[in-house]
There are 2 protein chains.
Amino acid sequence: MVDVSFSRSPTPQDDDPATADWEAWFDGQNHPAGRDLRQAIEMLFFAYRDFTSDPDQVLATVGYGRAHHRVLHFVGRNPDITVQDLLKILNITKQSLARVLGAMVRDGYVAQTPGARDRRLRHLSLTESGQALEAACSDPQQERVARAFHRAGPEAVEGYRRVLSELLDRESRDTILAQIRK
Amino acid sequence: MVDVSFSRSPTPQDDDPATADWEAWFDGQNHPAGRDLRQAIEMLFFAYRDFTSDPDQVLATVGYGRAHHRVLHFVGRNPDITVQDLLKILNITKQSLARVLGAMVRDGYVAQTPGARDRRLRHLSLTESGQALEAACSDPQQERVARAFHRAGPEAVEGYRRVLSELLDRESRDTILAQIRK
DNA sequence: GAAACTAAGTCAACATGGTTGACGTATCTT
DNA sequence: AAGATACGTCAACCATGTTGACTTAGTTTC
(Lines give C-alpha, C1' and ligand atoms only; values in the text may rest on other atoms or scores of the structure.)
Protein backbone atom coordinates (compact mmCIF):
# COMPACT_ATOMS: atom_id res chain seq x y z
CA MET A 1 0.00 0.00 0.00
CA VAL A 2 2.89 2.32 0.68
CA ASP A 3 4.09 3.77 -2.56
CA VAL A 4 7.82 4.09 -2.52
CA SER A 5 8.14 4.51 -6.25
CA PHE A 6 9.43 8.04 -5.78
CA SER A 7 12.66 6.53 -4.58
CA ARG A 8 13.27 4.75 -7.84
CA SER A 9 12.12 7.38 -10.27
CA PRO A 10 13.67 10.67 -9.30
CA THR A 11 12.18 13.59 -11.15
CA PRO A 12 14.57 15.54 -13.38
CA GLN A 13 15.16 18.44 -11.01
CA ASP A 14 16.18 15.98 -8.30
CA ASP A 15 19.57 15.71 -9.92
CA ASP A 16 22.18 16.96 -7.62
CA PRO A 17 25.77 16.34 -6.70
CA ALA A 18 26.45 13.98 -3.81
CA THR A 19 23.62 11.67 -4.75
CA ALA A 20 25.38 8.40 -5.43
CA ASP A 21 26.26 7.62 -1.80
CA TRP A 22 22.80 8.25 -0.64
CA GLU A 23 21.32 6.09 -3.39
CA ALA A 24 23.51 3.25 -2.23
CA TRP A 25 22.53 3.70 1.35
CA PHE A 26 18.93 4.01 0.35
CA ASP A 27 18.92 0.90 -1.80
CA GLY A 28 20.67 -1.04 0.93
CA GLN A 29 17.60 -0.93 3.15
CA ASN A 30 15.41 -3.98 3.09
CA HIS A 31 12.33 -1.93 3.83
CA PRO A 32 13.46 0.68 1.42
CA ALA A 33 13.36 4.09 3.07
CA GLY A 34 10.32 3.42 5.22
CA ARG A 35 12.13 2.79 8.47
CA ASP A 36 14.61 5.62 8.26
CA LEU A 37 12.10 8.08 6.96
CA ARG A 38 9.79 7.21 9.81
CA GLN A 39 12.59 7.84 12.28
CA ALA A 40 13.35 11.16 10.67
CA ILE A 41 9.70 12.12 10.87
CA GLU A 42 9.36 11.17 14.50
CA MET A 43 12.51 13.00 15.37
CA LEU A 44 11.13 16.17 13.87
CA PHE A 45 7.91 15.68 15.79
CA PHE A 46 9.60 15.26 19.16
CA ALA A 47 12.22 17.93 18.61
CA TYR A 48 9.59 20.45 17.64
CA ARG A 49 7.50 19.52 20.63
CA ASP A 50 10.32 20.05 23.11
CA PHE A 51 11.54 23.09 21.28
CA THR A 52 8.20 24.89 21.54
CA SER A 53 7.83 24.05 25.21
CA ASP A 54 10.42 26.66 26.25
CA PRO A 55 8.52 29.83 25.34
CA ASP A 56 5.23 28.27 26.36
CA GLN A 57 6.29 28.35 29.97
CA VAL A 58 7.37 31.97 29.90
CA LEU A 59 4.24 33.08 28.10
CA ALA A 60 1.98 31.26 30.51
CA THR A 61 3.16 33.66 33.22
CA VAL A 62 1.52 36.57 31.40
CA GLY A 63 -1.50 34.60 30.22
CA TYR A 64 -0.36 34.28 26.64
CA GLY A 65 -0.05 31.28 24.35
CA ARG A 66 1.84 30.17 21.31
CA ALA A 67 -0.04 32.42 18.98
CA HIS A 68 1.19 35.43 20.94
CA HIS A 69 4.69 34.13 20.76
CA ARG A 70 4.64 33.90 17.00
CA VAL A 71 3.44 37.48 16.76
CA LEU A 72 6.08 38.58 19.22
CA HIS A 73 8.74 36.79 17.25
CA PHE A 74 7.86 37.96 13.78
CA VAL A 75 7.09 41.53 14.76
CA GLY A 76 10.38 41.65 16.61
CA ARG A 77 12.14 40.23 13.61
CA ASN A 78 10.42 42.55 11.11
CA PRO A 79 10.01 45.94 12.74
CA ASP A 80 7.33 48.13 11.15
CA ILE A 81 5.78 45.18 9.37
CA THR A 82 2.22 45.76 8.21
CA VAL A 83 -0.71 43.66 9.30
CA GLN A 84 -1.08 42.25 5.80
CA ASP A 85 2.51 41.12 5.63
CA LEU A 86 2.34 39.61 9.09
CA LEU A 87 -0.72 37.66 8.04
CA LYS A 88 1.16 36.30 5.06
CA ILE A 89 4.00 35.09 7.24
CA LEU A 90 1.77 33.56 9.86
CA ASN A 91 -0.58 32.05 7.31
CA ILE A 92 -3.66 32.64 9.42
CA THR A 93 -6.76 34.76 8.98
CA LYS A 94 -7.15 38.38 9.95
CA GLN A 95 -9.74 37.42 12.55
CA SER A 96 -7.41 34.95 14.23
CA LEU A 97 -4.66 37.49 14.38
CA ALA A 98 -6.98 40.18 15.67
CA ARG A 99 -7.60 38.26 18.86
CA VAL A 100 -3.99 37.95 19.90
CA LEU A 101 -2.74 41.16 18.36
CA GLY A 102 -5.51 43.16 19.99
CA ALA A 103 -4.55 41.84 23.39
CA MET A 104 -0.89 42.58 22.83
CA VAL A 105 -1.58 46.14 21.77
CA ARG A 106 -3.87 46.67 24.76
CA ASP A 107 -1.25 45.19 27.06
CA GLY A 108 1.38 47.51 25.67
CA TYR A 109 3.67 44.94 24.05
CA VAL A 110 3.03 45.99 20.47
CA ALA A 111 2.76 49.49 19.05
CA GLN A 112 0.86 50.44 15.91
CA THR A 113 1.78 53.47 13.85
CA PRO A 114 -0.09 54.55 10.71
CA GLY A 115 1.97 54.60 7.56
CA ALA A 116 3.37 57.93 6.41
CA ARG A 117 2.85 57.33 2.72
CA ASP A 118 -0.29 55.23 2.99
CA ARG A 119 -2.21 56.05 6.13
CA ARG A 120 -4.37 52.92 5.88
CA LEU A 121 -1.42 50.78 6.84
CA ARG A 122 -0.61 49.99 10.44
CA HIS A 123 3.03 49.38 11.04
CA LEU A 124 3.65 47.08 13.96
CA SER A 125 6.63 47.10 16.28
CA LEU A 126 7.53 45.90 19.72
CA THR A 127 7.50 48.33 22.60
CA GLU A 128 10.20 48.20 25.27
CA SER A 129 8.23 45.70 27.27
CA GLY A 130 7.43 43.79 24.09
CA GLN A 131 11.11 43.43 23.39
CA ALA A 132 11.71 42.31 26.95
CA LEU A 133 8.98 39.71 26.71
CA GLU A 134 10.28 38.51 23.38
CA ALA A 135 13.74 38.12 24.82
CA ALA A 136 12.41 36.24 27.82
CA CYS A 137 10.71 33.81 25.47
CA SER A 138 13.47 33.31 23.00
CA ASP A 139 16.31 33.12 25.49
CA PRO A 140 15.68 29.56 26.60
CA GLN A 141 14.87 28.54 23.06
CA GLN A 142 18.04 30.08 21.71
CA GLU A 143 19.97 28.50 24.50
CA ARG A 144 18.55 25.14 23.56
CA VAL A 145 19.49 25.59 19.92
CA ALA A 146 22.92 27.00 20.75
CA ARG A 147 23.60 24.04 22.96
CA ALA A 148 22.43 21.57 20.32
CA PHE A 149 24.57 23.26 17.66
CA HIS A 150 27.52 23.27 19.96
CA ARG A 151 27.22 19.59 20.70
CA ALA A 152 26.43 18.53 17.16
CA GLY A 153 29.24 20.48 15.54
CA PRO A 154 29.37 22.83 12.56
CA GLU A 155 29.05 20.20 9.82
CA ALA A 156 25.94 18.85 11.45
CA VAL A 157 24.52 22.36 11.67
CA GLU A 158 25.07 22.83 7.99
CA GLY A 159 23.29 19.53 7.32
CA TYR A 160 20.41 20.55 9.54
CA ARG A 161 20.03 23.73 7.52
CA ARG A 162 20.14 21.96 4.21
CA VAL A 163 17.62 19.31 5.11
CA LEU A 164 15.19 21.71 6.71
CA SER A 165 15.27 24.08 3.78
CA GLU A 166 14.57 21.18 1.45
CA LEU A 167 11.59 20.23 3.57
CA LEU A 168 9.87 23.49 2.77
CA ASP A 169 7.08 23.62 0.23
CA ARG A 170 8.62 24.10 -3.17
CA GLU A 171 6.32 26.90 -4.22
CA SER A 172 7.08 29.03 -1.21
CA ARG A 173 10.64 27.93 -0.43
CA ASP A 174 12.38 30.93 -1.97
CA THR A 175 10.08 33.40 -0.30
CA ILE A 176 10.49 31.70 3.07
CA LEU A 177 14.24 31.45 2.79
CA ALA A 178 14.44 35.09 1.85
CA GLN A 179 12.36 35.96 4.91
CA ILE A 180 14.52 33.82 7.14
CA ARG A 181 17.78 35.21 5.87
CA LYS A 182 16.61 38.81 5.94
CA MET B 1 18.22 42.23 27.69
CA VAL B 2 19.04 39.12 25.74
CA ASP B 3 21.27 36.95 27.81
CA VAL B 4 23.81 35.28 25.61
CA SER B 5 26.10 34.35 28.44
CA PHE B 6 25.49 30.67 27.75
CA SER B 7 27.64 31.08 24.69
CA ARG B 8 30.64 32.10 26.71
CA SER B 9 30.29 29.77 29.63
CA PRO B 10 29.71 26.28 28.32
CA THR B 11 28.75 23.84 31.03
CA PRO B 12 31.19 21.00 31.63
CA GLN B 13 29.23 18.30 29.85
CA ASP B 14 29.19 20.44 26.74
CA ASP B 15 32.69 19.28 25.97
CA ASP B 16 32.78 17.43 22.77
CA PRO B 17 35.08 16.81 19.84
CA ALA B 18 34.67 19.09 16.84
CA THR B 19 34.01 22.09 19.01
CA ALA B 20 36.83 24.45 18.11
CA ASP B 21 35.61 25.31 14.61
CA TRP B 22 32.21 26.10 15.82
CA GLU B 23 33.51 28.26 18.61
CA ALA B 24 35.42 30.27 16.06
CA TRP B 25 32.44 30.69 13.81
CA PHE B 26 30.31 31.55 16.78
CA ASP B 27 32.66 34.15 18.17
CA GLY B 28 33.07 35.66 14.73
CA GLN B 29 29.52 36.93 14.73
CA ASN B 30 29.07 40.53 15.73
CA HIS B 31 25.67 39.81 17.20
CA PRO B 32 26.99 36.68 18.79
CA ALA B 33 24.73 33.76 17.95
CA GLY B 34 21.51 35.73 17.90
CA ARG B 35 21.13 36.05 14.19
CA ASP B 36 22.01 32.53 13.23
CA LEU B 37 20.08 31.01 16.06
CA ARG B 38 17.08 33.00 15.06
CA GLN B 39 17.38 31.72 11.51
CA ALA B 40 17.67 28.16 12.75
CA ILE B 41 14.58 28.63 14.88
CA GLU B 42 12.53 30.09 12.07
CA MET B 43 13.62 27.35 9.73
CA LEU B 44 12.35 24.73 12.14
CA PHE B 45 9.08 26.60 12.46
CA PHE B 46 8.46 26.80 8.73
CA ALA B 47 9.69 23.30 7.95
CA TYR B 48 7.44 21.83 10.60
CA ARG B 49 4.52 23.82 9.34
CA ASP B 50 4.88 22.62 5.76
CA PHE B 51 5.71 19.13 6.88
CA THR B 52 2.50 18.72 8.86
CA SER B 53 0.38 20.10 6.06
CA ASP B 54 0.68 16.88 4.03
CA PRO B 55 -1.31 14.53 6.26
CA ASP B 56 -3.73 17.28 7.18
CA GLN B 57 -5.11 17.26 3.66
CA VAL B 58 -5.61 13.51 3.54
CA LEU B 59 -7.24 13.40 6.96
CA ALA B 60 -9.62 16.19 6.13
CA THR B 61 -11.23 13.88 3.58
CA VAL B 62 -12.39 11.55 6.37
CA GLY B 63 -13.16 14.32 8.84
CA TYR B 64 -10.10 13.80 10.99
CA GLY B 65 -7.46 16.19 12.23
CA ARG B 66 -3.89 16.16 13.39
CA ALA B 67 -4.67 14.49 16.65
CA HIS B 68 -6.02 11.50 14.75
CA HIS B 69 -2.90 11.38 12.66
CA ARG B 70 -0.66 11.16 15.68
CA VAL B 71 -2.68 8.28 17.05
CA LEU B 72 -2.63 6.59 13.67
CA HIS B 73 1.10 7.05 13.44
CA PHE B 74 2.09 5.85 16.89
CA VAL B 75 -0.34 2.97 17.03
CA GLY B 76 0.88 1.87 13.63
CA ARG B 77 4.44 2.17 14.82
CA ASN B 78 3.85 0.36 18.13
CA PRO B 79 1.36 -2.41 17.51
CA ASP B 80 -0.43 -3.64 20.64
CA ILE B 81 0.56 -0.57 22.58
CA THR B 82 -1.52 0.08 25.68
CA VAL B 83 -3.51 3.23 26.26
CA GLN B 84 -1.19 4.25 29.07
CA ASP B 85 1.90 3.96 26.94
CA LEU B 86 0.29 5.80 24.08
CA LEU B 87 -0.58 8.62 26.45
CA LYS B 88 3.03 8.82 27.56
CA ILE B 89 4.23 9.14 23.99
CA LEU B 90 1.62 11.69 23.01
CA ASN B 91 1.99 13.66 26.23
CA ILE B 92 -1.70 14.49 26.42
CA THR B 93 -4.45 13.63 28.88
CA LYS B 94 -6.61 10.55 28.82
CA GLN B 95 -9.66 12.68 28.13
CA SER B 96 -8.08 14.32 25.11
CA LEU B 97 -7.09 10.98 23.71
CA ALA B 98 -10.52 9.51 24.38
CA ARG B 99 -12.13 11.92 21.96
CA VAL B 100 -10.04 10.98 18.96
CA LEU B 101 -9.41 7.36 19.87
CA GLY B 102 -13.09 6.72 20.49
CA ALA B 103 -13.94 7.98 17.02
CA MET B 104 -11.24 5.89 15.43
CA VAL B 105 -12.39 2.72 17.16
CA ARG B 106 -16.00 3.44 16.18
CA ASP B 107 -14.95 4.12 12.61
CA GLY B 108 -13.07 0.84 12.47
CA TYR B 109 -9.54 2.19 12.08
CA VAL B 110 -8.25 1.03 15.45
CA ALA B 111 -8.89 -2.28 17.21
CA GLN B 112 -8.76 -2.79 20.97
CA THR B 113 -7.99 -6.19 22.47
CA PRO B 114 -7.89 -6.86 26.22
CA GLY B 115 -4.57 -8.05 27.56
CA ALA B 116 -4.11 -11.78 28.04
CA ARG B 117 -2.10 -11.51 31.25
CA ASP B 118 -3.73 -8.35 32.58
CA ARG B 119 -7.25 -7.98 31.32
CA ARG B 120 -7.51 -4.34 32.37
CA LEU B 121 -5.16 -3.35 29.59
CA ARG B 122 -6.42 -2.49 26.13
CA HIS B 123 -3.92 -3.21 23.43
CA LEU B 124 -4.37 -0.98 20.42
CA SER B 125 -3.59 -1.83 16.82
CA LEU B 126 -4.54 -0.63 13.37
CA THR B 127 -7.13 -2.53 11.40
CA GLU B 128 -6.70 -3.09 7.68
CA SER B 129 -8.41 0.18 6.92
CA GLY B 130 -6.43 1.86 9.67
CA GLN B 131 -3.22 0.76 8.02
CA ALA B 132 -4.49 1.99 4.69
CA LEU B 133 -5.37 5.37 6.14
CA GLU B 134 -2.03 5.61 7.88
CA ALA B 135 -0.25 4.89 4.64
CA ALA B 136 -2.30 7.45 2.78
CA CYS B 137 -1.26 10.04 5.38
CA SER B 138 2.37 9.21 5.63
CA ASP B 139 3.02 8.69 1.95
CA PRO B 140 3.19 12.34 0.99
CA GLN B 141 5.07 13.13 4.17
CA GLN B 142 7.61 10.39 3.57
CA GLU B 143 7.91 11.47 0.00
CA ARG B 144 8.67 14.99 1.17
CA VAL B 145 11.35 13.77 3.56
CA ALA B 146 12.82 11.33 1.05
CA ARG B 147 13.08 14.10 -1.48
CA ALA B 148 14.68 16.45 1.01
CA PHE B 149 17.18 13.79 2.06
CA HIS B 150 17.93 13.01 -1.52
CA ARG B 151 18.62 16.61 -2.39
CA ALA B 152 20.52 17.41 0.78
CA GLY B 153 22.80 14.40 0.63
CA PRO B 154 23.83 11.80 3.22
CA GLU B 155 26.16 13.99 5.29
CA ALA B 156 23.44 16.58 5.65
CA VAL B 157 21.02 13.88 6.75
CA GLU B 158 23.43 12.78 9.43
CA GLY B 159 23.75 16.38 10.59
CA TYR B 160 20.00 16.77 10.65
CA ARG B 161 19.76 13.71 12.89
CA ARG B 162 22.45 14.91 15.25
CA VAL B 163 21.07 18.38 15.68
CA LEU B 164 17.50 17.25 16.15
CA SER B 165 18.42 14.67 18.73
CA GLU B 166 20.37 17.31 20.64
CA LEU B 167 17.31 19.54 20.58
CA LEU B 168 15.34 17.06 22.66
CA ASP B 169 14.78 17.64 26.34
CA ARG B 170 17.74 16.24 28.21
CA GLU B 171 15.69 14.35 30.76
CA SER B 172 13.68 12.48 28.18
CA ARG B 173 16.16 12.29 25.33
CA ASP B 174 17.25 8.70 25.89
CA THR B 175 13.71 7.47 26.23
CA ILE B 176 12.62 9.31 23.11
CA LEU B 177 15.58 8.14 21.07
CA ALA B 178 14.95 4.56 22.16
CA GLN B 179 11.33 4.93 21.07
CA ILE B 180 12.33 6.39 17.75
CA ARG B 181 14.93 3.75 17.01
CA LYS B 182 12.75 0.87 18.10
C1' DG C 1 -15.32 64.18 -7.88
C1' DA C 2 -17.60 59.71 -7.91
C1' DA C 3 -16.64 54.88 -8.04
C1' DA C 4 -13.99 51.24 -6.96
C1' DC C 5 -10.59 49.11 -4.59
C1' DT C 6 -7.68 48.19 -0.38
C1' DA C 7 -6.13 47.89 4.71
C1' DA C 8 -7.74 47.17 8.82
C1' DG C 9 -11.07 46.21 12.44
C1' DT C 10 -15.16 43.92 14.25
C1' DC C 11 -19.16 40.71 15.32
C1' DA C 12 -20.92 36.15 15.32
C1' DA C 13 -20.87 31.27 14.95
C1' DC C 14 -18.40 27.24 14.83
C1' DA C 15 -14.49 23.31 14.91
C1' DT C 16 -10.53 21.19 16.89
C1' DG C 17 -7.84 19.76 20.36
C1' DG C 18 -5.99 20.76 24.51
C1' DT C 19 -6.99 21.30 29.95
C1' DT C 20 -8.95 20.09 34.97
C1' DG C 21 -11.97 17.74 38.08
C1' DA C 22 -14.96 14.19 39.46
C1' DC C 23 -16.62 9.68 39.25
C1' DG C 24 -17.61 4.62 37.80
C1' DT C 25 -16.17 -0.01 36.81
C1' DA C 26 -13.38 -3.83 36.07
C1' DT C 27 -9.31 -6.05 37.37
C1' DC C 28 -5.08 -6.95 39.69
C1' DT C 29 -2.12 -6.83 43.98
C1' DT C 30 -1.30 -7.05 48.75
C1' DA D 1 -11.13 -7.36 52.11
C1' DA D 2 -8.69 -3.16 50.92
C1' DG D 3 -6.28 -0.59 47.94
C1' DA D 4 -4.15 0.44 43.63
C1' DT D 5 -4.37 0.51 38.64
C1' DA D 6 -6.29 0.81 33.74
C1' DC D 7 -9.71 2.55 31.31
C1' DG D 8 -13.82 5.12 30.21
C1' DT D 9 -16.92 9.03 30.69
C1' DC D 10 -19.38 13.45 31.83
C1' DA D 11 -19.00 18.32 32.16
C1' DA D 12 -16.92 22.70 31.87
C1' DC D 13 -13.55 25.53 30.11
C1' DC D 14 -9.66 27.60 27.20
C1' DA D 15 -6.71 28.65 23.09
C1' DT D 16 -6.57 29.04 18.48
C1' DG D 17 -7.94 28.18 14.19
C1' DT D 18 -11.99 28.70 10.56
C1' DT D 19 -15.96 31.19 7.49
C1' DG D 20 -19.00 34.93 6.44
C1' DA D 21 -20.73 39.48 6.70
C1' DC D 22 -20.13 44.17 7.53
C1' DT D 23 -17.90 48.92 8.67
C1' DT D 24 -14.61 52.56 8.37
C1' DA D 25 -10.90 55.00 6.54
C1' DG D 26 -7.91 55.98 2.98
C1' DT D 27 -6.11 55.44 -1.83
C1' DT D 28 -6.55 54.89 -6.79
C1' DT D 29 -8.76 55.18 -11.08
C1' DC D 30 -11.73 56.83 -14.54
Side-chain angles (χ1 to χ4, degrees), chain A residues 45 48-49 52-53 55-75 80-107 110-125, chain B residues 45 48-49 52-53 55-75 80-107 110-125:
Chain A
F45 169 74
Y48 189 80
R49 188 187 69 176
T52 51
S53 69
D56 282 1
Q57 283 181 283
V58 178
L59 289 158
T61 68
V62 288
Y64 282 179
R66 260 176 225 189
H68 301 84
H69 182 227
R70 292 198 277 268
V71 171
L72 215 43
H73 177 95
F74 287 108
V75 171
D80 286 322
I81 191 174
T82 64
V83 172
Q84 283 287 310
D85 290 344
L86 182 57
L87 286 174
K88 273 181 219 147
I89 291 181
L90 295 175
N91 228 6
I92 59 176
T93 59
K94 183 177 50 164
Q95 296 93 323
S96 288
L97 176 61
R99 205 156 26 200
V100 291
L101 185 57
M104 295 171 76
V105 170
R106 269 195 304 281
D107 297 347
V110 173
Q112 293 171 304
T113 56
R117 225 178 51 234
D118 184 340
R119 300 206 313 276
R120 290 171 305 179
L121 305 178
R122 300 298 150 90
H123 295 277
L124 306 173
S125 56
Chain B
F45 169 73
Y48 189 80
R49 188 187 70 176
T52 52
S53 70
D56 282 2
Q57 283 182 284
V58 178
L59 289 159
T61 68
V62 289
Y64 282 177
R66 260 177 224 188
H68 301 83
H69 182 225
R70 292 198 277 267
V71 172
L72 216 43
H73 177 96
F74 286 109
V75 171
D80 285 320
I81 191 175
T82 64
V83 172
Q84 283 287 310
D85 290 343
L86 182 56
L87 285 174
K88 273 181 221 148
I89 292 180
L90 295 175
N91 229 5
I92 60 175
T93 59
K94 184 175 52 164
Q95 297 93 323
S96 288
L97 176 60
R99 207 156 26 197
V100 291
L101 185 57
M104 295 171 76
V105 170
R106 270 194 304 280
D107 296 347
V110 173
Q112 291 172 306
T113 55
R117 223 177 54 234
D118 185 340
R119 299 204 316 274
R120 291 172 303 179
L121 305 177
R122 300 299 150 89
H123 295 279
L124 307 172
S125 55

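Within every chain, numbering begins at 1; the chains are lettered A, B, ... in the order of the sequence lines, protein sequences first and strands thereafter. Worth knowing before you read on, the calculation uses all heavy atoms, side chains too, and leaves out hydrogens, waters and symmetry mates.
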Euclidean distance, [Y] [atom2] relative to [X] [atom1], rounded to 0.5 Å:
X: A:I89; Y: A:Q84; atom1: CD1; atom2: CD; value: 12.0 Å
X: B:H123; Y: B:I81; atom1: NE2; atom2: CD1; value: 10.5 Å
X: B:L121; Y: B:T82; atom1: CG; atom2: OG1; value: 6.0 Å

With a 4.0 Å cutoff (strictly under), does any side-chain N or O of B:S96 reach OP1 or OP2 of C:dG17? no
Taking for A:R70 and for B:V83 the nucleotide of DNA chain D with the nearest heavy atom, the one nearer the 5' end belongs to B:V83
Of A:V100 and B:D85, the one whose closest nucleotide on DNA chain D sits nearer the 5' end is B:D85
| No-H, no-angle donor-acceptor pair, B:R66 side chain to C:dG17 base, under 3.5 Å | no
Using a cut-off of 4.0 Å on non-hydrogen atoms, how would the nucleic acid contact of B:H69 be classed: base, sugar-phosphate, or nothing?
nothing
Which is true for A:H123 with a 4.0 Å heavy-atom rule: it touches a base, it touches only sugar-phosphate, or it touches nothing?
-> nothing
Tested for side chain to side chain contact (heavy atoms under 4.5 Å, CB included) against B:L124, the lone hit among B:V105, B:L86, B:D85 is B:L86
Separation of [N] [atom2] from [X] [atom1] (nearest whole Å):
X: A:L86; N: C:dA8; atom1: CG; atom2: C1'; result: 13 Å
X: A:K94; N: C:dT6; atom1: NZ; atom2: C1'; result: 10 Å
X: A:I92; N: C:dT16; atom1: CD1; atom2: C1'; result: 16 Å
X: B:L87; N: C:dT20; atom1: CG; atom2: C1'; result: 15 Å
X: B:L59; N: C:dT16; atom1: CG; atom2: P; result: 12 Å
X: A:D56; N: C:dT19; atom1: CG; atom2: C1'; result: 14 Å
X: B:L90; N: C:dT19; atom1: CG; atom2: C1'; result: 15 Å

B:D80 and B:S125 have their tightest heavy-atom pair at N-CB, 4.2 Å
Between A:R66 and A:D56 the two heavy atoms that sit nearest each other are NH2-OD2, 2.9 Å
- [ ] Describe, in one word, how the ring planes of B:H68 and B:Y64 are oriented to each other, choosing from parallel (under 30°), tilted (30 to 60°) and perpendicular (over 60°).
- [x] parallel
Whether A:F74 and B:F45 hold their rings parallel, tilted or perpendicular, with breakpoints at 30° and 60°: tilted
- prompt: Judged by atom type as modelled, is there a donor-acceptor pair below 3.5 Å linking the side chain of A:T52 to the main-chain atoms of A:Y48?
  reply: yes
Output one line per pair: protein atom, nucleotide atom from nucleotides 25-27 of chain C, and distance, for all N/O pairs under 3.5 Å.
none

Which of C:dA12, C:dT19, C:dG9 is nearest the side chain of A:Q95? It is C:dA12
- Message: Side chains of B:S96 and B:T93, heavy atoms from C-beta outward: is any pair under 4.5 Å?
- Response: yes
State, yes or no, whether a side-chain contact exists between A:V62 and A:D107 at a heavy-atom distance under 4.5 Å. no
Outer limits of DNA chain D sitting under 4.0 Å from a non-hydrogen atom of chain B, read 5' to 3', are D:dT5 to D:dC10
Using side-chain contact (heavy atoms from CB on, under 4.5 Å), reason through B:T113 and B:R122 one step at a time and then give a plain yes or no.
CA-CA 5 Å; B:T113 55; B:R122 300 299 150 89; over 6 Å; no
To the nearest 10 degrees, the angle between the two end axes of the helix from C:dG1-D:dC30 to C:dT30-D:dA1 (five pairs per end) comes to 20°
